[in-house]
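Counting from 1, the numbers follow the sequence of the chain as shown. As the structure is a computational prediction, the values presented were derived from the model and not from experiment.
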Amino acid sequence: MRLTTLLLLVPLSTALAAAPHARAAGPALPVDLVRHALPDTAHRPAPGCAMAAFGAGRQLGFQAAGLADLDTAEPIDADTVFYAASVSKQFTALAVVQLALAGRIDLDAPIHDYLDELPRYQAPVTVRMLLHHASGVRDSLSLLRMAGWERTADARMGDALAVLHQQRSTQFPPGTATSYSNGGYLLLAELVQRVSGQPFAGYVRAHILDPLGMKASYVLADHAPHADHLAHGHVASGEGFAVRDTYPRFGGSGGLMTSMADLARYEADIAHGHKVWTPQVLAAMTAPGQLLDGSPARNDEGEFVYASGLMLGHSHGRPIVRHGGTAEGFRALYLRMPAEQRAWIVLCNRADARPQELVDRAIEAWQQRPQPIDGHYTSPELPARYRLAREGGQRVLAILRAGAAEEVRHVLSAQDDGSLRAGNLRLRPLASDAFVLETERARGIVLRRSGGPGAGPGGE
């Protein structure tokens, strides 16, 4: 018998309480976006998705629909732990970049300098080529299946490395083309282990997860996943769903188990925490890859350029940084718009979910966002008070410098991208009570609405 799909919405307040610096500010996600976007399978109960929206590193909205576990009927919430699939690659790249910035890895050195047991290819494969999928190293998951592994979940990291070690050549001369390679990222995980002297999962724990307080997250290390709130993957089967927790149990190309609450901490560090995502790390991670001839290291479709565990491109007319993830029963997407300081994350435990569609709808709704309301604004990063007002039919930003007697007034003009400009000053709305004030050479200053003219400069 076919029954209506049961989808559970988690209260926004619950999700916000789980993440640091969380702040509800305006309609960051359309009402019931996740529920309405999931495929109408007419099954009950059903798995689903979690989705969060961020502005300047602060969680602005959260929605979840569906069940993490059909047997126990546990709903998906901000603490549900998902398999992140290839979203994990940025964590692998982050570990490599950390060690490179510490002088322990040379990104332009041949990988054989660190893993001398690898076969000698027709030309050197550098660490940077592995990061940018330009090495020609064959895909390890494909090789496992070709070698008779019906389920990659049954293989261990040693098995995957063994099939890579048997390859006598790369599928194209290194540095001359790109091909997305889980094998390349498996070698990067092994590189981290060799150089750091720690198991890969232990390094990620000590140098990325723990510093950011991502307590529920971990990298699989040849063991089954464990969590108090674990999402099981699902595929449609007959009148319902079948469990498919069929993913590799080791890190490098995948392997990260994480929750939305933990990824909120990760996003906060990218935007303003900088414990792990220092400016140097950010620059290295988002540097576009190049082939030996200087051309961009584009993906197979030519739509994106590979960076380190990330892909660079455009969406809705804006530059983006993104990476998706796919396993048999899981779908994930992490997408950032750096110039706007916006980010969206989707984690799903069903194969028929479409994370990109969810994010596209959220971006379209955000682009129709309201302008900041008139009033007084402050920032802890600037010693001044700001007044946004309408005067004589014009939008005006008045700045009162600390210790000054008079305001400096700027008449603002609306721009096609939704921002307001006055000369080289740009005001970008984040929500009805917050905006970013910046110039081309000083970006990312967030101002929030304060209590009024009596509020002290630099804070409420």
Spell out, as yes or no, whether a donor-acceptor pair under 3.5 Å connects the side chain of [X] to the backbone of [Y].
{"X": "Q167", "Y": "V163", "value": "yes"}
{"X": "R331", "Y": "A351", "value": "yes"}
{"X": "D269", "Y": "V276", "value": "yes"}
{"X": "Y83", "Y": "G254", "value": "no"}
{"X": "S135", "Y": "V125", "value": "no"}

How about E364 and Q367: does a side-chain donor come under 3.5 Å of a side-chain acceptor?
no
Do S169 and Q122 have side-chain atoms, one donor and one acceptor, less than 3.5 Å apart?
no
Compare all side-chain heavy atoms of [X] with those of [Y] and state whether any distance is below 4.5 angstrom.
{"X": "Y114", "Y": "R194", "result": "no"}
{"X": "V87", "Y": "T258", "result": "no"}
{"X": "C49", "Y": "P355", "result": "no"}
{"X": "T178", "Y": "H132", "result": "no"}
{"X": "Y218", "Y": "L220", "result": "yes"}
{"X": "S259", "Y": "M214", "result": "no"}
{"X": "M257", "Y": "L230", "result": "yes"}

Can you tell whether the side chains of E440 and R443 come within less than 4.0 Å, N to carboxylate O?
yes
Are E340 and R428 ion-paired here, with the side-chain N under 4.0 Å from a carboxylate O?
no
From Q280 CD over to Q98 CD, what is the distance, rounded to the nearest 0.5 angstrom?
12.0 Å
Y180-H133 aromatic ring centre distance below 6.0 Å:
yes
Does the side chain to side chain contact (heavy atoms under 4.5 Å, CB included) test come out yes or no for R342 and L60, once each step is laid out?
CA-CA 10 Å; R342 302 288 298 200; L60 303 180; 3.3 Å; yes
V346 and side chain to side chain contact (heavy atoms under 4.5 Å, CB included): which partner among R354, M51, Q63, M260?
M51
Hey, what's the ring geometry for F241 with H234, parallel, tilted or perpendicular (30° and 60° as the breaks)?
perpendicular
Would you say R156 has more than 12 foreign heavy atoms packed within less than 6.0 Å of its CZ?
no
Verify the neighbour count for atom CD of E150: are there more than 12 heavy atoms of other residues, nucleotides or ligands below 6.0 Å?
no
Step by step, work out the side chain to side chain contact (heavy atoms under 4.5 Å, CB included) result for F250 and L161.
CA-CA 11 Å; F250 48 82; L161 286 170; over 6 Å; no
Kindly confirm or rule out a cation-pi arrangement of R205 over Y203, judged by NZ or CZ under 6.0 Å from the six-membered ring centre and within 45° of its axis?
no
